[in-house]
Amino acid sequence: MQTYTAVVKRCPDTGLYVGCVPSFPGAHSQGETLDELNANLSEVITMLLEDGAPAKIGEYMVTQTVVA
């Protein structure tokens with residue numbers, strides 16, 4: 001079992017949580033709650049892995065707050 005880092009935003013139009021795994025091509029989903037989004041992302045990753053592990057784009061490390 002592997003651990004992946006997801007980036008999550010809340011869509012202002014639908015109110016849904018939208019997440020993607022930057023280092024895993026095609027791994028993105030949405031959900032009404034964070035728990036639902038997590039379950040949906042896990043399901044998407046599992047389905048993608050059934051086709052063989054894709055080449056990682058790069059390792060996602062951190063988020064950073066920028067003040068301008």
Side-chain angles (χ1 to χ4, degrees):
M1 187 173 288
Q2 287 204 331
T3 302
Y4 299 92
T5 300
V7 175
V8 178
K9 298 187 285 184
R10 189 162 195 164
C11 177
D13 297 328
T14 65
L16 295 173
Y17 292 99
V18 180
C20 71
V21 179
S23 63
F24 200 127
H28 50 84
S29 191
Q30 61 187 24
E32 291 184 6
T33 66
L34 290 172
D35 288 338
E36 181 181 7
L37 172 61
N38 190 290
N40 292 345
L41 283 171
S42 180
E43 184 177 343
V44 166
I45 290 169
T46 299
M47 288 189 310
L48 290 170
L49 288 173
E50 287 175 358
D51 293 335
K56 284 190 169 185
I57 293 174
E59 189 170 333
Y60 186 76
M61 300 300 290
V62 298
T63 60
Q64 184 175 10
T65 302
V66 178
V67 178

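All residue numbers in this chain count up from 1 along the given sequence.
Put simply, the side chain of S42 never gets that close to the backbone of N38: no donor and acceptor are under 3.5 Å apart.
Around CD of E32, the count of heavy atoms belonging to other residues, nucleotides or ligands within 6.0 Å does not exceed 12.
Considering only heavy atoms from C-beta on, V8 stays 4.5 Å or farther from V18 through its side chain.
Going from atom CG of N40 over to atom CD1 of I45 covers 11.0 Å, rounded to the nearest 0.5 Å.
In terms of heavy atoms, V7 sits closest to P22 at CG2-CG, 3.6 Å. The two residues R10 and Y17 make their nearest non-hydrogen contact at NH1-OH, 2.9 Å. The shortest heavy-atom contact between V21 and T5 is CG1-O, 3.5 Å.
Among residues two or more places apart in sequence or in another chain, the side chain to side chain contact (heavy atoms under 4.5 Å, CB included) test is passed with L41 by A6, S29, L37. With sequence neighbours left out, the side chain to side chain contact (heavy atoms under 4.5 Å, CB included) criterion links E43 to no other residue.
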